[in-house]
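Below is one structure; the comments refer to it alone.
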4 protein chains.
Amino acid sequence: MADVIEAAARILETSGAETLTTNMIAEVAGVSPGSVYQYFSDKQSIISALIAREAHEFMKVSHDAIEECSGLEAMIGFSKALTLHRLQRPKLTLQLILLDPTLTASSESAKINEEIYNLLVDIVNESSVLDDKTASVFVMDIMAIMRGMMLGEFLNQDRIDDLPDRIADAVAGYWSRRIQAVSKCD
Amino acid sequence: MADVIEAAARILETSGAETLTTNMIAEVAGVSPGSVYQYFSDKQSIISALIAREAHEFMKVSHDAIEECSGLEAMIGFSKALTLHRLQRPKLTLQLILLDPTLTASSESAKINEEIYNLLVDIVNESSVLDDKTASVFVMDIMAIMRGMMLGEFLNQDRIDDLPDRIADAVAGYWSRRIQAVSKCD
Amino acid sequence: MADVIEAAARILETSGAETLTTNMIAEVAGVSPGSVYQYFSDKQSIISALIAREAHEFMKVSHDAIEECSGLEAMIGFSKALTLHRLQRPKLTLQLILLDPTLTASSESAKINEEIYNLLVDIVNESSVLDDKTASVFVMDIMAIMRGMMLGEFLNQDRIDDLPDRIADAVAGYWSRRIQAVSKCD
Amino acid sequence: MADVIEAAARILETSGAETLTTNMIAEVAGVSPGSVYQYFSDKQSIISALIAREAHEFMKVSHDAIEECSGLEAMIGFSKALTLHRLQRPKLTLQLILLDPTLTASSESAKINEEIYNLLVDIVNESSVLDDKTASVFVMDIMAIMRGMMLGEFLNQDRIDDLPDRIADAVAGYWSRRIQAVSKCD
DNA sequence: TATGAATGAGAATTCATTCAT
DNA sequence: TATGAATGAATTCTCATTCAT
């Protein structure tokens, strides 16, 4: 099962989503096409499982990065952890974002995604009192910025070494500007 | 020809890239499958033409938004113009980003993309003296932030009315933080 | 009309039967696809007309080659005339043989073919008294030998300059051997 | 796999090359269209495999026909064996000659073709000393005569019973005439 | 449970032919 | 009469999925 998922990951990395056929997955995983369907109901669920795996892996890293920090500092910690984590397999990250930008393909990854979302909402609420909707949009934007910048970098691979810092700056920049904007409204 | 491109756009909006078949495009365009190939050599070139159309439309808006401004002000003008433009057809924007994040699918859209890129590099160079590489990464990041936030919003459609402002804040935040970071390095 | 036929010929020569489309014929002939159908009921009738044209051209040469000769000498004269004639456009000959080995695609070329056939039967009958069936097979074989050797040579283009002599030898060889064989039977 | 090849053969025999579609092959073979592509990469490779099959079958017969003979006698033995072999499925032979007159469609049949070619060159060299080029043309001509006469007969089916003898006479006739012609040149 | 050959619906594309202008 | 855009049936080939072994 893990082999099948990893096979899908490797195919995405080496030749992209168009070549991701179930027969190819089976071949790379070293099993028969029929066996793949013993564990996965269909092709989409393999992709979903891969996304869930990646989300899971990240969750482990995520908590450590935030603890003992709060507010913007915690958010920056989070963004750097996410970026460093995804830098390990940039091509894969790129392909997964294109396949499922929201990470909600499976209920499992959707759940993990929500956990992360709640984590970030908590961080935001520690330092400012925003109504639910505003906090939600705030967090979504920050995730979108991170996702967008990773996607951009992984497409160009121009200056991958300082990507974590650049993303941190983008997040911090958004945070400080936006907190002001949101406060003004009240 | 325009009908075929618009048909592709509508299919992307209503049911996404998987249902974008050449037969479906022909049907929605109200022509026969054969007719599609009178104007387009293959399926990809329809998509490329659609992307080129969108890029073209945006270019018209783009110049107006920037003129008489400079520096950050110009960049914010640009980001708002882009966002407002893409807000007209958010679902389509989303699908096109997923199909071709770099806008380089066709030589024509690649050219327009480069024009926009040069426009932004000029804006950056007006206010700060950065070496070529740094300016390039700077501009790429800003485009990535915009792309990421649009993609995020169009997936959720939570608070679309203040998206231009939020993107402008993100761009401004990145700009001010990053100019400092880059200056420190010198 | 002649332009259309010649266009078909040229396409056969340059790129073979697979690329012989009606649209291509029209383009090479410098007319519109619709115009082609003013003169020809369908694609096959263009090919038939081309075959008829070639048969016709050859008939002109044919009579001259035979007159004042008789028997084997006349037959050799005929074979050399045919070979020299077809050597002018070997590629075309090759393609036409493959398209219609019997030259009976159209009633017109079938008629010319029969004329030639009768000519050769007369030649045979001048020197030997064979029953109709035997004479018929005799002539058919000679035509088949010529066709086969031309086809072979035009595929390889090895030694095209002495092809007429080689074919003449083959014809003469068949003639002399076969006359004996046929006589024995009686 | 053999079923698919035989299906192609039968279609060629009954209705010719225009009706030889991959769907029809699958239907006649009693399998699904997809199954055809399990064994053959594309349509052409089915045809090539059929040609290779025929060439292979003939090779088995070929050696026996020649052994213990030499010179013209061996060549006549060969020509009779070939003719008798192809007489088993004349319609198929006809269609295959039109599809691939040189038998070089596949590397496998090309190889077999070369084997046969070498066999015949050896036969020629046993009785006469010809330079390479002359021997090559000599053998090619003999093969062309056989091919041409089979093609002619299979089109008309006039007197199929004495075809082997007629072809043998044609070959013998060419041989004796041509050996003289070639010797004169020296 | 694992296999992998077989499936067959469906995709992209072609091209002989038509017909409104 | 000439045009050439439009047609649409037919073709090759793919691939997610199944099921007998």
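So you know, we letter chains A, B, ... as the sequences are listed, proteins then strands, and number each from 1.
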Whole angstrom is fine here: how far is it from [atom1] in [X] over to [atom2] in [N]?
X: C/E27; N: E/dC15; atom1: CD; atom2: P; value: 13 Å
X: C/E18; N: E/dT14; atom1: CD; atom2: C1'; value: 14 Å
X: A/Q44; N: F/dC15; atom1: CD; atom2: C1'; value: 16 Å
X: A/M1; N: E/dA2; atom1: CE; atom2: C1'; value: 16 Å
X: D/K43; N: F/dC13; atom1: NZ; atom2: C1'; value: 12 Å
X: D/I47; N: F/dC13; atom1: CD1; atom2: P; value: 10 Å
X: D/F40; N: F/dT12; atom1: CZ; atom2: P; value: 15 Å
X: C/L20; N: E/dA16; atom1: CG; atom2: P; value: 8 Å

Which nucleotide sits closest to the side chain of C/Y37: E/dT17, E/dT13, E/dT3?
E/dT17
Of the nucleotides F/dT1, E/dT1, F/dG8, which one has an atom closest to the side chain of A/Q38?
E/dT1
Any strand: nucleotide that pairs with F/dT12 via Watson-Crick or wobble, under 3.5 Å:
E/dA11
Counter-base of E/dT17, judged by Watson-Crick or G-U geometry with both distances under 3.5 Å:
F/dA6
Side-chain donor/acceptor of B/S48 to backbone N/O of B/Q44, under 3.5 Å:
yes
A/N113 side-chain N/O to A/T102 backbone N/O, donor-acceptor pair under 3.5 Å:
yes
Phosphate contact ([N] OP1 or OP2) by [X] side-chain N/O below 4.0 Å:
X: C/T22; N: E/dA16; answer: yes
X: C/S35; N: F/dA2; answer: no
X: C/S32; N: F/dT3; answer: yes

The residue, B/N23 or A/D42, whose nearest nucleotide of DNA chain F is more 5′ is B/N23
Nearest-nucleotide comparison on DNA chain F, the residue closer to the 5′ end among D/G34 and C/Y39
C/Y39
Side-chain heavy atoms of D/L99 within contact of D/L12, under 4.5 Å:
yes
Minimum side-chain heavy-atom gap D/I51-D/S106 below 4.5 Å
no
If you assign C/M24 and D/G30 each to the DNA chain E nucleotide with the nearest heavy atom, which residue ends up on the more 5' nucleotide?
D/G30
Counting any heavy atom closer than 4.0 Å, what does B/V36 reach on the DNA or RNA strands: base, sugar-phosphate only, or nothing?
nothing
Output yes when A/K111 and A/E115 qualify as a salt bridge under the 4.0 Å nitrogen-oxygen rule, no when they do not.
no
